Amino acid sequence: METTSGISFDNHVLKYYFVCCCFLILKMTFMSNFTAAKRVIHKAFANPEDSKQMKVDPQVNENVERVRRAHLNDLENIPLFFVAGLIYTFANPGEKAAKVLFVVYVVSRYLHTIVYAVIPIPQPARALAWTTGYVINIYMAVYSLIHFLK
């Protein structure tokens with residue numbers, strides 16, 4: 001199989017990791033647009049000059065804030081996956097286990113946004129989605145640490 005910059009794409013775990021990263025990048029990009037759309041729909045702009053240009057009074061809207069907080073949560077958690085997941089791919093994990101962890105992480109982040117910002121569902125839905133990703137990041141970091149300290 002082809003190589004780029006010394007990285008072998010024969011490593012199916014790495015390849016699967018990259019695919020999952022792309023899904024997370026697309027999700028985070030969508031969240032920026034989703035927040036902006038909510039601001040326009042609810043006429044709740046982040047800056048006074050935007051409110052003035054749109055001829056509305058500055059205001060805070062809970063629908064906008066909910067989406068913004070979900071996006072901030074992504075910004076706090078997904079980069080940890082990018083780093084922990086990449087290190088994990090080089091710690092020689094089992095291919096099936098790695099694929100399951102990567103897919104479950106991606107699904108947990110999408111579910112977190114859905115239950116938090118798209119169709120708000122009472123707790124513990126959001127907490128369960130968040131905790132799933134949190135535990136996966138910790139597992140990959142600890143697994144990698146043990147592997148590389150041998």
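In this text, all values refer to a predicted model and were calculated from it rather than measured experimentally.
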Glu76/Arg69 salt bridge by N-O under 4.0 Å criterion
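Glu76 and Arg69: not salt-bridged.
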Would a 4.5 Å heavy-atom cut-off, applied to side chains only, mark Pro120 and Val115 as touching?
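Counting from C-beta outward, Pro120 and Val115 never come under 4.5 Å.
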I want to check something: taking the side chain as every heavy atom from C-beta on, are Cys20 and Tyr105 in contact at a cut-off of under 4.5 Å?
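No. Closest side-chain heavy atoms not under 4.5 Å.
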Which class fits the ring pair His112 and Tyr116: parallel under 30°, tilted 30 to 60°, perpendicular over 60°?
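Plane angle over 60°, so perpendicular.
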Dump the intermediate steps for side-chain hydrogen bond (donor to acceptor under 3.5 Å, both in side chains) on Asn61 and Arg39, then the final yes or no.
CA-CA 8 Å; Asn61 181 284; Arg39 287 192 183 286; over 6 Å; no
Step through the shown structure and confirm whether more than 12 heavy atoms of other residues, nucleotides or ligands are within 6.0 Å of CD1 on Ile119.
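At most 12 heavy atoms, drawn from other residues, nucleotides or ligands, come within 6.0 Å of this atom.
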Please say whether more than 12 non-hydrogen atoms of neighbouring residues, nucleotides or ligands are located less than 6.0 Å from OH in Tyr134.
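Result for OH/Tyr134: open.
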Quick check: is Ile41 connected to Met31 through a chain of hydrophobic side chains (ILVMFWY, heavy atoms under 4.5 Å apart)?
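No, because Met31 and Ile41 fall into different hydrophobic clusters, even though each may have its own neighbours under 4.5 Å.
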In this structure, would Val13 and Tyr139 fall into the same cluster of hydrophobic residues linked by side-chain contacts under 4.5 Å?
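Result: yes, single cluster for both.
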Roughly how far, to the nearest 0.5 Å, is [atom2] of [Y] from [atom1] of [X]?
X	Y	atom1	atom2	result
Gln123	Leu128	CD	CG	8.0 Å
Cys21	Phe82	SG	CZ	5.0 Å
Tyr17	Met140	OH	CE	8.0 Å

Using every non-hydrogen atom in the two residues, find where Thr89 and Leu14 come nearest and quote the distance to one decimal.
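What the structure gives for the nearest pair is OG1-CD1, 3.6 Å.
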Answer yes or no: is there a donor N or O on one side and an acceptor on the other, between the side chain of Tyr88 and the main chain of Val83, under 3.5 Å?
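The answer is no, because no donor-acceptor pair under 3.5 Å joins these two groups.
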